[in-house]
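Residue numbers start from 1 in every chain, and the chains themselves are labelled A, B, ... in the order their sequence lines are given, proteins ahead of strands. Note that the structure is a prediction, hence the values are computed from the model and not measured.
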2 protein chains.
Amino acid sequence: MNDKSYIYLDNAATSWPKPPEVLTAVTDAIRDDGANPGRGSHAMAVRASRILFDGRKQLGKLFNVKDVNDIVFTSNTTMALNMAIKGFIKSGDHVIATSIEHNSVRRPLYELEQTQQVSVTFVNTSYTGELDVTEIQRSIQSNTKLIIVSHSSNLLGSIMPIEQIAELAKRHNIKLLVDGAQSVGILPVDVTALGIDMLAFPGHKGLLGPQGTGGLYISPQIDLAPLMQGGTGSQSETPFQPLVRPDRYEAGTPNTPGIAGLAAGVKIVLANTVEKIAEQQWQLTQRMMEGLIRQNKVSLLGPTFGKPRTGIVSLVMDHIDSSELSFILDQHYKIAVRAGFHCTPLAHQIAGTGQTGAVRASIGLYTTEAEVDAFIDAIHDIAKQY
Amino acid sequence: MNDKSYIYLDNAATSWPKPPEVLTAVTDAIRDDGANPGRGSHAMAVRASRILFDGRKQLGKLFNVKDVNDIVFTSNTTMALNMAIKGFIKSGDHVIATSIEHNSVRRPLYELEQTQQVSVTFVNTSYTGELDVTEIQRSIQSNTKLIIVSHSSNLLGSIMPIEQIAELAKRHNIKLLVDGAQSVGILPVDVTALGIDMLAFPGHKGLLGPQGTGGLYISPQIDLAPLMQGGTGSQSETPFQPLVRPDRYEAGTPNTPGIAGLAAGVKIVLANTVEKIAEQQWQLTQRMMEGLIRQNKVSLLGPTFGKPRTGIVSLVMDHIDSSELSFILDQHYKIAVRAGFHCTPLAHQIAGTGQTGAVRASIGLYTTEAEVDAFIDAIHDIAKQY
């Protein structure tokens with residue numbers, strides 16, 4: 001594409017454009033570094049090891065992690081969530097999650113319900129996707145072992161009260177897994193201060209890295225069974241997966257070029273500061289909402305104007321299907337948004353859009369006020385014709 | 001690095017250099033394509049879908065696969081092997097594998113032995129890594145469900161008689177999983193003609209793509225449980241992983257840039273033809289072996305001179321540890337090889353190098369005769385000093 005006039009509002013799927021530093025880091029790694037990190041003593045293999053270490057170091061700064069070996073790389077958030085959920089939950093356990101969870105949480109949980117003696121309670125949020133912590137408290141059972149919460153809804157943009165949930169979890173000796181798919185690089189996430197036991201995160205959304213990257217922070221208190229076994233370059237002679245982190249969770253050849261790009265992306269986030277990014281995204285969503293509220297054919301989903309949210313604004317327009325609306329935006333206005341169900345059917349039920357789906361506009365680090373205004377104008381323009 | 005004088009003989013770990021077409025494909029995908037394939041109707045998302053389809057199409061040609069949706073992408077061979085092994089083998093099953101298997105086969109099998117009622121027989125090869133099919137035949141039990149064979153040993157370079165094993169498996173109604181880590185793009189692999197039920201392969205070795213890529217071919221006759229569940233963009237409303245391929249096995253955001261690079265790599269392999277690549281690598285290994293056999297302080301592992309092998313030559317030198325030898329080659333001769341146990345301890349036991357490890361030199365598409373000769377000279381030079 002590479003077309004400056006194209007307006008990209010699908011940053012909740014993947015951020016775009018990627019910073020030039022990310023592209024350079026990926027290119028350099030592919031061009032210059034052969035071999036597998038940790039598996040050879042030659043110069044290129046050593047440099048590949050350094051890329052992985054640097055990636056962990058940058059992420060460690062961002063999440064305030066003491067030992068960077070508690071951060072393991074995965075190919076996406078889904079893999080991190082599968083690793084956390086299947087490696088932690090045991091037969092007989094009860095799990096609490098929320099109605100705004102993505103299918104990457106919901107489907108592994110349904111799988112465990114089917115194949116193991118695991119029970120799950122999905123706690124409802126309000127129709128705007130806002131969660132009352134007492135709802136979680138009410139769902140706690142004697143065998144509740146894990147609470148899983150998406151930090152921010154990928155449909156509604158609402159933000160979950162992680163600090164209160166973490167405190168509740170700690171009080172009941174329950175572990176907390178946070179799905180940071182829509183929050184990492186966008187909202188501050190301090191795993192130490194918040195008391196998060198596991199944090200699954202994407203590399204290619206708020207962290208500005210390439211697709212094919214992500215990871216899982218695992219608190220040293222958590223003894224997690226690995227999802228996969230294989231070559232680690234370490235302790236080759238033992239038949240079992242080594243216990244040492246990160247090797248235990250990183251079998252096989254890692255995505256070194258992708259991780260190089262991710263490290264470059266995190267550096268940019270750190271330089272901007274997450275606090276400023278959060279504020280900037282909030283300002284832009286408020287501008288967008290203000291422009292759209294005036295259009296009475298449009299219903300906005302998620303928290304009301306003025307309330308906290310991440311860079312996501314989803315909407316439904318009267319008399320027009322969400323796929324058609326998205327198609328018109330793409331074809332006639334060169335605006336990229338996402339239509340449909342966004343892999344989060346329960347959130348749609350909650351929001352009342354279970355039948356219609358919704359159009360989601362999502363803001364990124366490089367979204368401008370002019371782009372937001374062009375989107376508002378396009379929506380008003382289309383509304384006139386329906 | 002990007003240093004023409006550096007001699008890279010670690011292609012069995014990852015091929016290097018990557019062709020410029022691969023670099024361009026990765027770069028274009030990062031620069032031009034936002035959004036997730038199959039998850040948005042806008043132009044960039046459509047193009048990302050096409051990249052995945054093109055990748056499958058190229059691999060389909062290479063492996064002679066009828067329906068390209070039977071090829072699923074993974075982040076590496078290890079993930080493909082874990083998916084195949086854990087998704088297929090059930091409690092009570094018996095599995096046959098060989099002593100040359102990589103830890104990416106061995107460790108998942110040990111895991112299943114520990115946690116499920118699964119039993120495994122590791123069939124010994126000869127000390128040169130060559131397999132007598134009657135050894136497999138002798139190990140078949142009434143509950144044998146799967147034979148797992150590495151197409152070529154990552155330590156010894158020996159080639160397994162896949163065709164005979166496939167025939168034997170078919171006769172006994174046992175399924176065959178081939179680990180193509182060291183053969184794909186280097187030896188012809190026709191899954192239809194050979195009757196391979198599952199083929200796990202890396203994207204970044206013989207196929208010349210970037211690290212972070214790989215895949216699994218799954219015959220339509222195989223009903224494989226997925227390793228992970230999550231968002232697929234399809235059938236978002238159902239709580240279960242959709243059954244349709246490839247979605248069933250590809251939850252979460254794929255590594256679109258990596259797959260773009262992989263597709264570019266496969267095109268180069270197809271243009272060269274695997275047959276010619278196999279011949280070229282064999283000629284170079286023979287040249288290397290001929291040069292090394294003259295040095296009586298050096299012992300070569302694997303098949304003897306003149307016999308079939310892939311582009312791998314491993315050796316042990318008297319009076320010098322393999323790590324030290326590799327270090328000297330890197331520091332003084334700018335030659336990258338790999339020392340150690342190569343994640344395949346049983347193969348080392350077989351070859352008699354279980355205590356010492358070995359130095360592995362592995363040839364790639366871009367290895368020249370001059371580089372092979374420089375390696376031979378370096379080995380003779382070092383031998384003089386020990």
Side-chain angles (χ1 to χ4, degrees), chain A residues 1-2 8 10 13-14 16 18 23 26-27 30-32 34-36 39-44 75-79 82 102-104 106-108 110-111 204 210-212 228-231 236-237 239-241 251-258 323 326-327 330 336-341 343 345, chain B residues 1-2 8 10 13-14 16 18 23 26-27 30-32 34-36 39-44 75-79 82 102-104 106-108 110-111 202 204 210-212 228-231 236-237 239-241 251-258 323 326-327 330 336 338-341 343 345:
Chain A
M1 191 65 44
N2 214 358
Y8 184 79
D10 197 11
T14 202
W16 189 86
K18 302 299 179 190
L23 206 58
V26 173
T27 309
I30 293 179
R31 192 162 35 212
D32 299 346
N36 286 347
R39 287 169 179 77
S41 57
H42 60 77
M44 284 202 255
S75 52
N76 50 31
T77 317
T78 301
M79 182 173 152
N82 273 268
H102 190 271
N103 274 341
S104 53
R106 201 171 150 244
R107 284 178 171 165
Y110 278 116
E111 174 72 16
H204 64 102
Q211 293 169 330
M228 295 186 254
Q229 291 78 28
S236 272
E237 62 292 358
F240 305 107
Q241 195 67 1
T253 303
N255 180 0
T256 307
S323 317
S326 143
F327 183 78
D330 179 59
V337 296
R338 190 175 156 203
F341 294 93
C343 300
Chain B
M1 190 65 45
N2 213 0
Y8 184 79
D10 197 10
T14 203
W16 188 84
K18 304 298 180 189
L23 206 58
V26 174
T27 308
I30 293 178
R31 191 162 39 211
D32 300 345
N36 285 349
R39 286 167 177 79
S41 58
H42 60 77
M44 283 201 258
S75 53
N76 50 31
T77 317
T78 300
M79 182 172 153
N82 273 268
H102 190 271
N103 274 340
S104 52
R106 201 170 150 245
R107 283 178 172 165
Y110 279 116
E111 174 73 16
H204 63 102
Q211 292 169 329
M228 296 186 251
Q229 291 79 27
S236 271
E237 63 292 359
F240 303 107
Q241 195 66 3
T253 302
N255 180 359
T256 307
S323 319
S326 143
F327 183 77
D330 178 60
R338 190 176 154 201
F341 294 93
C343 300

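Of all heavy-atom pairs between B:Pro210 and A:Ile30, the closest is CB-CD1, 4.1 Å. Heavy-atom minimum distance, B:Thr78 versus A:Ala251: CG2-CB, 3.7 Å. Scanning all heavy atoms of the two residues, the minimum distance from A:Asp330 to B:Ala43 falls at OD1-N, 3.1 Å. The two residues B:Gly231 and A:Cys343 have their closest heavy-atom pair at CA-SG, 3.7 Å.
Looking at A:Pro239, the atoms closer than 4.5 Å to chain B (heavy atoms on both sides) sit in the backbone and in the side chain alike. The parts of A:Thr27 that come within reach of chain B are both its backbone and its side chain, each placing non-hydrogen atoms under 4.5 angstrom from that chain. For A:Asn82, the part lying near chain B is the side chain, with the backbone staying farther off; criterion is any non-hydrogen pair under 4.5 Å. Heavy-atom distances place both the backbone and the side chain of B:Pro108 under 4.5 Å from chain A.
The candidate from B:Pro202, B:Ser75, B:Ala336 with the greatest count of non-hydrogen atom pairs under 4.5 Å with chain A is B:Ala336. For the set B:Gln229, B:Arg107, B:Gln241, the count of heavy-atom pairs under 4.5 angstrom toward chain A peaks at B:Arg107.
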Residues B:Thr253, A:Gln211; criterion side-chain hydrogen bond (donor to acceptor under 3.5 Å, both in side chains); working and verdict: CA-CA 7 Å; B:Thr253 302; A:Gln211 293 169 330; 5.9 Å; no

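Note that the NE2 atom of B:His204 and the OG1 atom of A:Thr256 stand 9.0 Å from one another [nearest 0.5 Å]. Atom CE of A:Met44 sits about 10.5 Å away from atom OG1 of B:Thr14, to the nearest 0.5 Å.
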